[in-house]
K.L.:
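Let me begin by handing over the structure; questions about it come next.
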Amino acid sequence: QVQLVESGGGFVQPGGSLRLSCAASGFTFSYSAMSWYRQAPGKERELVAAISSVGSTYYTDSVKGRFTISRDNAKNTVYLQMNSLKPEDTAVYYCSARTTRSNYWGQGTQVTVSS
């Protein structure tokens with residue numbers, strides 16, 4: 001059974017940092033592109049960052065220079081390091097896996113940036 005288990009969300013002040021983790025199981029992690037999405041209340045879900053099976057990365061413009069996506073294939077885990085957080089980063093963050101067969105989603109983890 002495919003599972004994506006996210007952790008690391010929380011409440012942080014503007015300018016602070018958080019590191020999100022997504023532990024994956026039930027599929028061939030090393031062959032799969034991984035990504036992080038976020039969704040704020042009343043807004044559409046948006047792609048934040050993605051990393052391919054060979055390590056190429058993508059970031060949406062609003063997080064470039066602040067966020068870093070990475071993966072550890074030995075641990076079947078993808079990370080999102082978030083620095084210099086802004087209130088507009090507040091959202092539920094979702095881990096996603098893209099495989100040949102299907103796309104999978106984690107349960108989401110809340111990130112709140114507020115003073």
K.L.:
For residues 43-85, pull every pair meeting disulfide (SG to SG under 2.5 Å), keeping only residues two or more places apart or in separate chains.
P.N.:
none
K.L.:
How about L80 and T68: do any of their side-chain heavy atoms sit closer than 4.5 Å?
P.N.:
no
K.L.:
State, yes or no, whether a side-chain contact exists between M34 and L4 at a heavy-atom distance under 4.5 Å.
P.N.:
yes
K.L.:
Applying ring pair (Phe, Tyr, Trp, His ring centres under 6.0 Å) as the test, list every pair that has at least one member in residues 53-79; sequence neighbours left out.
P.N.:
none
K.L.:
Can you list every ring pair (Phe, Tyr, Trp, His ring centres under 6.0 Å) pair that touches residues 93-115, not counting sequence neighbours?
P.N.:
Y37-W105
K.L.:
Listed by chain and number, what are the side chain to side chain donor-acceptor pair (under 3.5 Å) partners of Q39, not counting sequence neighbours?
P.N.:
none
K.L.:
Please set out all donor-acceptor pairs under 3.5 angstrom arising from side-chain atoms of residues 42-50, sequence neighbours excluded.
P.N.:
{"unit_1": "E46", "atom_1": "OE2", "unit_2": "R38", "atom_2": "NE", "d": "2.7"}
{"unit_1": "E46", "atom_1": "OE2", "unit_2": "R38", "atom_2": "NH2", "d": "3.2"}

K.L.:
For a quick test of your reading: what N or O donor-acceptor pairs under 3.5 Å do the side chains of residues 13-20 make, sequence neighbours left out?
P.N.:
{"unit_1": "S17", "atom_1": "OG", "unit_2": "N83", "atom_2": "OD1", "d": "2.9"}

K.L.:
Do the side chains of V111 and V92 join up, straight or via other hydrophobic residues, at under 4.5 Å, putting them in one cluster?
P.N.:
no
K.L.:
If only atom types and distance count, is the side chain of Q3 paired as donor or acceptor with the main-chain N or O of A24 below 3.5 Å?
P.N.:
no
K.L.:
Considering residues at least two apart in sequence or located in another chain, which fulfil the side chain to side chain contact (heavy atoms under 4.5 Å, CB included) criterion with S30?
P.N.:
T28, N73
K.L.:
Run the numbers on E6 and W36 for side-chain contact (heavy atoms from CB on, under 4.5 Å), then give the verdict.
P.N.:
CA-CA 10 Å; E6 296 143 324; W36 289 94; 4.0 Å; yes
K.L.:
Which residue pairs pass the disulfide (SG to SG under 2.5 Å) test when at least one of the two sits in residues 15-115, sequence neighbours left out?
P.N.:
C22-C95
K.L.:
Please enumerate all residues that pass salt bridge (Lys or Arg N to Asp or Glu O under 4.0 Å) together with R98, with sequence neighbours excluded.
P.N.:
none
K.L.:
May I ask whether V78 and Y31 are part of the same hydrophobic cluster, defined by side-chain heavy atoms of I, L, V, M, F, W, Y residues being less than 4.5 angstrom apart, directly or through others?
P.N.:
no
K.L.:
Taking only residues at least two apart or on different chains, which pairs with a member in residues 44-85 satisfy disulfide (SG to SG under 2.5 Å)?
P.N.:
none
K.L.:
Can you sort out the partners of K64 under salt bridge (Lys or Arg N to Asp or Glu O under 4.0 Å), two or more places apart, ordered by chain and number?
P.N.:
D61
K.L.:
Whether the side chain of T90 engages the backbone of V113 through a donor-acceptor N/O pair (distance < 3.5 Å, no angle test) should be reported.
P.N.:
yes
K.L.:
Testing the 3.5 Å rule here: is there a donor-acceptor pair between the side chains of T112 and Q110?
P.N.:
yes
K.L.:
Quick one: closest heavy-atom pair of F11 and S114, and the distance?
P.N.:
CE2-O, 3.5 Å
K.L.:
For the residue pair R66 and D89, what are the closest heavy atoms and their distance?
P.N.:
NH1-OD2, 2.8 Å
K.L.:
Per the salt bridge (charged side-chain N to carboxylate O under 4.0 Å, His left out) rule, what does the pair list look like for residues 69-79, sequence neighbours excluded?
P.N.:
none
